[in-house]
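Here the structure is a predicted model, which is why all the values come from computation and not from measurement. Residue numbers run from 1 in the order of the sequence given.
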Amino acid sequence: MLVIRNFEEYKSYLGKEIGVSKWHKIDQHQINKFADATLDHQWIHVDKERAEKEGPFNATIAHGYLTLSLIPYLWKQIADVQNIKMEINYGIEQFKFGQAVVVDSEVQLKAKLKSIINLRGTTKVIIEATLIIKGQPKPAYTGDVIFLYHFI
């Protein structure tokens with residue numbers, strides 16, 4: 001895990017890969033809990049028998065937004081940004097889903113520092129995020145995640 005203590009340390013990674021998270025398995029239990037939390041019970045996600053018979057993947061798949069919601073959890077495995085008063089998930093841009101994540105797949109986040117700027121004491125960082133699916137040639141998604149940091 002990368003430790004970042006201030007703006008200058010962060011800036012030294014501009015244009016570079018920061019790291020990758022550990023593998024995380026997305027199982028049916030997690031998919032069902034996400035469906036309950038978001039009220040999105042579409043059969044392709046929660047009906048195992050129907051998905052096996054009628055679905056294009058012969059299995060249920062994770063919600064796209066479930067995979068996006070893993071970003072903060074997986075990001076914390078890549079970088080420990082220290083000496084901050086606050087960290088804000090500010091936005092996401094240019095996200096494209098490349099491939100469905102089939103139930104029981106393992107995924108990992110790859111992060112690259114695309115941009116960093118000091119806005120009058122607030123550090124705005126754009127991370128190029130790619131969600132890799134173990135054993136698959138195409139990622140689940142790619143896009144930019146924007147964080148704001150208030151270093152002490």
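In this structure a side-chain-to-backbone donor-acceptor pair under 3.5 Å is present from Ser21 to Leu109.
Using a 4.5 Å cut-off on side-chain heavy atoms (C-beta onward), Glu17 and Lys110 make contact. The closest side-chain heavy-atom distance from Pro139 to Leu131 is not below 4.5 Å. The shortest distance between side-chain heavy atoms of Asp80 and Leu2 does not fall below 4.5 Å.
For the side chain to side chain contact (heavy atoms under 4.5 Å, CB included) criterion with Phe147, the lone passing option out of Ile127, Val81, Thr123 is Ile127.
Placement of Phe151 and Ile146 in two distinct hydrophobic clusters is found when ILVMFWY residues are connected by side-chain heavy-atom separations under 4.5 Å, directly or transitively. Cluster annotation: Leu14 and Phe7 are assigned to the same hydrophobic cluster (Ile/Leu/Val/Met/Phe/Trp/Tyr, side-chain heavy-atom contacts under 4.5 Å, transitive). Tracing side-chain contacts under 4.5 Å through hydrophobic residues (I, L, V, M, F, W, Y), one never reaches Ile4 starting from Leu148; they form parts of separate clusters. Note on Ile78: it does not cluster hydrophobically with Ile132, by side-chain heavy-atom contacts below 4.5 Å among ILVMFWY residues. In this structure, Val20 is not a member of the same hydrophobic cluster as Leu68, with clusters built from ILVMFWY side-chain heavy atoms closer than 4.5 Å.
Considering only residues two or more places apart in sequence or on other chains, Lys76 meets the side-chain hydrogen bond (donor to acceptor under 3.5 Å, both in side chains) condition with Glu87. Residues meeting the ring-ring contact (aromatic ring centres under 6.0 Å, His included) test with Tyr13, sequence neighbours left out: none. Not counting sequence neighbours, the partners of Tyr10 by the ring-ring contact (aromatic ring centres under 6.0 Å, His included) test are Tyr149. Among residues two or more places apart in sequence or in another chain, the side-chain hydrogen bond (donor to acceptor under 3.5 Å, both in side chains) test is passed with Asn6 by none. Tyr65 is linked by a ring-ring contact (aromatic ring centres under 6.0 Å, His included) to nothing, counting only residues two or more places apart in sequence or in another chain. Every residue meeting the ring-ring contact (aromatic ring centres under 6.0 Å, His included) condition with Tyr73, not counting sequence neighbours, appears here in chain and number order: His24. In this view, Ser105 and Val101, Val102, Ile133 satisfy the side-chain contact (heavy atoms from CB on, under 4.5 Å) rule, not counting sequence neighbours. Under the side-chain contact (heavy atoms from CB on, under 4.5 Å) criterion, His150 pairs with Lys85, Met86, Ile88, Thr122, sequence neighbours left out.
For the 3.5 Å distance criterion, the side chains of Asn32 and Gln30 fail to qualify, holding no donor opposite an acceptor. Using modelled atom types, one finds a donor on one side chain and an acceptor on the other under 3.5 Å when comparing Asp36 with His41.
For the residue pair Trp43 and Ala51, the shortest heavy atom distance occurs at CZ3-CA, 3.7 Å. Minimum heavy-atom separation, Lys112 to Gly15: CE-O, 3.2 Å. Here the closest heavy-atom approach between residue Ala129 and residue Phe95 is recorded as CB-CZ, 4.3 Å.
Grouping Ile, Leu, Val, Met, Phe, Trp and Tyr residues whose side-chain heavy atoms lie under 4.5 Å apart, directly or via other members, leaves Val3 alone, with no other cluster members. Using a 4.5 Å cut-off between side-chain heavy atoms of Ile, Leu, Val, Met, Phe, Trp and Tyr, Leu119 falls into a hydrophobic cluster with Ile117.
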(request) List the steps, then state whether side-chain contact (heavy atoms from CB on, under 4.5 Å) holds for Ile71 with Asn89. (result) CA-CA 10 Å; Ile71 290 172; Asn89 296 325; over 6 Å; no
(request) Apply side-chain contact (heavy atoms from CB on, under 4.5 Å) to the pair Trp75 and Ile18, showing each step before the final yes or no. (result) CA-CA 10 Å; Trp75 170 245; Ile18 295 174; 4.0 Å; yes
(message) For a side-chain contact (heavy atoms from CB on, under 4.5 Å) check, start with the C-alpha distance between Ile126 and Tyr90, then their side-chain angles and the critical distance, and finish with the verdict.
(response) CA-CA 10 Å; Ile126 300 178; Tyr90 189 66; over 6 Å; no
(request) Take Tyr141 and Thr67, measure what side-chain contact (heavy atoms from CB on, under 4.5 Å) needs, and give me the verdict at the end. (result) CA-CA 9 Å; Tyr141 59 68; Thr67 64; 3.4 Å; yes
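Here the straight-line distance linking atom NZ of Lys33 with atom CG of Asp27 works out to 9.5 Å at 0.5 Å rounding. Within the model, atoms CD of Glu106 and CD of Gln136 stand 12.0 Å from one another, a figure rounded to the nearest 0.5 Å. Rounding to the nearest 0.5 angstrom, the gap separating the CG atom in Leu113 from the NZ atom in Lys11 is 10.5 Å. Atom CZ of Arg5 sits about 13.5 Å away from atom CD1 of Ile152, to the nearest 0.5 Å.
The salt bridge (charged side-chain N to carboxylate O under 4.0 Å, His left out) pairs that include a residue from residues 115-131 number zero, where partners must be two or more places apart or lie in different chains.
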Identify every side-chain donor-acceptor pair in residues 53-63 under 3.5 Å, counting partners at least two apart or on other chains, and give the distances.
unit_1: Glu54; atom_1: OE1; unit_2: Arg50; atom_2: NE; d: 3.1
unit_1: Thr60; atom_1: OG1; unit_2: Gln28; atom_2: OE1; d: 2.5
unit_1: His63; atom_1: NE2; unit_2: Asp40; atom_2: O; d: 3.0

